[in-house]
S.K.: 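Right, I'll just put the structure down here and ask away after.
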Amino acid sequence: MFVKGGIFLKNNNKKYNIEYTNKCPECSSSNLTKDYQRGEVVCSKCGLVVHEDIADHGPEWRAFDKGQRDKRARAGPPTKYTLPDKGLSTIISTINRDSYGSSIPTKQRAQFYRLRKMQKWGRLGNSSERSLSYAISELNKLCSQMNLPRNIRERASMIYRKAAKKNLVRGRGVESVVAATLYIACRIMGLPRTLSEISDISGLKRKDIGRTYRFISRELKLRINVPTPLSYVSRFCSELKLSRKVVEKSSDILKEVIERELISGRGPVGVAAAVIYISTVLCDEKRTQKQIANVSGVTEVTIRNRYKEITEILDINLEI
DNA sequence: AAGACGAAAGTGGTTGA
DNA sequence: TCAACAACTTTCGTCTT
């Protein structure tokens, strides 16, 4: 056990090791960058995503002197949208002691037992709250299977709450709304996942998730930007175990592609896949179209079509 | 044998009348 | 609401390495 800012971290925790050793397992460079917004630790030398889903253990505010700190400090953890009651509930303790620490007489213990039971019922009593807690457990399942950082989880459940409040879940199935809110949260936080990825893991149909996603974003008037191909590049590259060089090459090519307006109307995932393919060939770290197709979820044909267009217009020669 | 290529037909979403 | 349309997928035969 180690202590950091009053928080105990377990020794066997993988996150702990990475954050504290600060060495890349691939090239053992100590130049790791933490990106709390993306929830990733990236090696600046080789581009390996050393760890995803890092948590920010610090408070969400900053204080510059003792006065400010005292003013802002408060009891308890920050509120969490992933708990059904946002972590704000009062719970009758199971320890049979009063506020002075002396034990409660046996006579009254039965009474406290009944109180606890009734409070439990009351907390998760009505059906909307029960379905909310079901939705959140589904969300947590999905997120951990997809290795998504905490902030996306929080954002997704925030959106789900809004949807539930507006009665948008009814008749749509909790699972598909959960998947859709997760999809939205990923895009808002700049870590887009494709509909196919979420569909594969949740076991729901891509079409259904897509339809629910459009419905929810329209009804809640969410303004969601179209993801740029760039937001997929680093993730796909790290899944393909490609070096930093390829990532940089890809974003260089992508810049030109965007300038020449080669992406209008094209699916961003296909463009990202094609650019990565080109970069792997140019950087002598070639991956087959099939490998790239597998991680990106578009077909080889699409990669071919995109990369033909791109190489033609940008005058890139892939021979030799 | 594996990878790349491209033609052709099919699918699902968007758009505009 | 419906047809036209572009992007993308699936399938498959052919060529190259």
Side-chain angles (χ1 to χ4, degrees), chain A residues 159 163 168 171-173 175-188 192-233 235-237 239-243 246 249-250 253-254 256-320:
Chain A
I159 298 164
L168 305 179
R172 231 160 280 276
E175 289 91 347
S176 92
V177 178
V178 166
T181 51
L182 185 58
Y183 177 72
I184 295 171
C186 287
R187 279 181 56 172
I188 290 178
R193 308 283 132 154
T194 61
L195 279 175
S196 318
E197 284 173 278
I198 298 183
S199 156
D200 283 346
I201 287 175
S202 66
L204 297 159
K205 290 200 188 95
R206 208 183 77 121
K207 205 170 125 189
D208 289 337
I209 304 174
R211 193 190 303 131
T212 312
Y213 144 70
R214 277 190 299 279
F215 176 75
I216 299 277
S217 62
R218 177 159 35 91
E219 291 296 317
L220 294 182
K221 297 189 174 60
L222 297 171
R223 301 194 65 221
I224 303 163
N225 298 329
V226 181
T228 85
L230 192 60
S231 49
Y232 296 101
V233 166
R235 184 157 60 92
F236 291 160
C237 281
E239 276 180 52
L240 288 162
K241 310 243 180 320
L242 290 163
S243 70
V246 181
K249 190 85 197 163
S250 302
I253 296 173
L254 215 45
E256 277 206 61
V257 166
I258 291 167
E259 262 173 40
R260 308 273 191 107
E261 296 187 340
L262 274 174
I263 52 163
S264 66
R266 272 51 239 249
V269 183
V271 176
V275 168
I276 292 173
Y277 178 72
I278 296 170
S279 305
T280 60
V281 176
L282 290 179
C283 295
D284 229 19
E285 291 182 45
K286 181 157 179 178
R287 298 290 185 275
T288 64
Q289 294 177 353
K290 193 167 195 168
Q291 286 173 306
I292 298 176
N294 275 341
V295 303
S296 65
V298 295
T299 60
E300 299 155 69
V301 182
T302 304
I303 297 179
R304 279 202 286 277
N305 292 337
R306 284 304 87 76
Y307 109 77
K308 286 278 169 200
E309 293 167 5
I310 294 171
T311 47
E312 211 165 285
I313 304 269
L314 297 191
D315 207 19
I316 298 171
N317 192 4
L318 292 187
E319 308 302 317
I320 318 157

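Below, chains carry the letters A, B, ... as their sequence lines are ordered, and counting in each starts from 1.
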S.K.: Would you indicate, yes or no, if dA7(C) has its OP1 or OP2 atom less than 4.0 angstrom from a side-chain nitrogen or oxygen of R266(A)?
M.R.: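 So the side chain of R266(A) is within the cut-off, an N or O lying under 4.0 Å from OP1 or OP2 of dA7(C).
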
S.K.: Say whether, by atom type as modelled, one donor and one acceptor occur between the side chain of R266(A) and the main chain of V271(A) under 3.5 angstrom.
M.R.: no

S.K.: So how far is it from K241(A) NZ to Q291(A) CD, rounded to the nearest 0.5 Å?
M.R.: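 The CD atom of Q291(A) is 11.0 Å from NZ of K241(A), to the nearest 0.5 Å.
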
S.K.: Taking atom C1' of dA7(C) as reference, at what distance in whole Å does atom CG of L195(A) sit?
M.R.: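 These atoms are roughly 15 Å apart.
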
S.K.: Give the intermediate values and the outcome of side-chain contact (heavy atoms from CB on, under 4.5 Å) for residues R235(A) and R193(A).
M.R.: CA-CA 10 Å; R235(A) 184 157 60 92; R193(A) 308 283 132 154; 3.4 Å; yes

S.K.: Any side-chain N or O of K286(A) below 4.0 angstrom from OP1/OP2 of dA4(B)?
M.R.: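 Yes, such a contact exists.
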
S.K.: On DNA chain B, nearest-nucleotide positions of T288(A) versus V301(A): which is more 5'?
M.R.: T288(A)

S.K.: Would you say a side-chain N or O of Q291(A) is under 4.0 Å from OP1 or OP2 of dG3(B)?
M.R.: no

S.K.: Starting from P on dG3(B), measure out to CZ on R287(A) and report it in whole angstrom.
M.R.: 13 Å

S.K.: In this structure, how many angstroms lie between the C1' atom of dT14(B) and the CZ atom of R214(A), rounded?
M.R.: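 Going from CZ in R214(A) over to C1' in dT14(B) covers 10 Å.
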
S.K.: Got a donor-acceptor contact below 3.5 angstrom from the S199(A) side chain to the L204(A) backbone?
M.R.: yes

S.K.: Give one of base, sugar-phosphate or nothing for T299(A), where a contact means two heavy atoms less than 4.0 Å apart.
M.R.: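 Base, at least one base atom sits under 4.0 Å.
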
S.K.: Using whole Å, report how far CZ of R306(A) lies from C1' of dG6(B).
M.R.: 14 Å

S.K.: Which part of the nucleic acid does K205(A) contact within heavy-atom distance under 4.0 Å: base, sugar-phosphate only, or nothing?
M.R.: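 The answer is nothing, as K205(A) stays clear of every strand by at least 4.0 Å.
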
S.K.: Can a salt bridge be assigned to the pair K249(A) and E285(A) using a cut-off of 4.0 Å between side-chain N and carboxylate O?
M.R.: no

S.K.: Taking atom P of dG3(B) as reference, at what distance in whole Å does atom OH of Y307(A) sit?
M.R.: 15 Å

S.K.: Give the nucleotide from the list dA4(B), dG12(B), dG6(B) with an atom nearest to the side chain of K308(A).
M.R.: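 The answer is dG6(B).
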
S.K.: Using atom CD1 of I303(A) as one end and atom P of dG3(B) as the other, report the distance to the nearest whole Å.
M.R.: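 Value for this atom pair: 13 Å.
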
S.K.: Measure the distance from CG on N305(A) to P on dA6(C) and round it to the nearest whole Å.
M.R.: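 Those two atoms, CG and P, are 15 Å apart.
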
S.K.: Would you mind pulling out the nucleotide paired to dC12(C), Watson-Crick or G-U wobble, both distances under 3.5 Å?
M.R.: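 dC12(C) is paired, partner dG6(B).
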
S.K.: Tell me the interatomic distance from R304(A), atom CZ, to dC15(C), atom P, rounded to whole angstroms.
M.R.: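 Taking atom P of dC15(C) as the reference, CZ of R304(A) is at 16 Å.
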
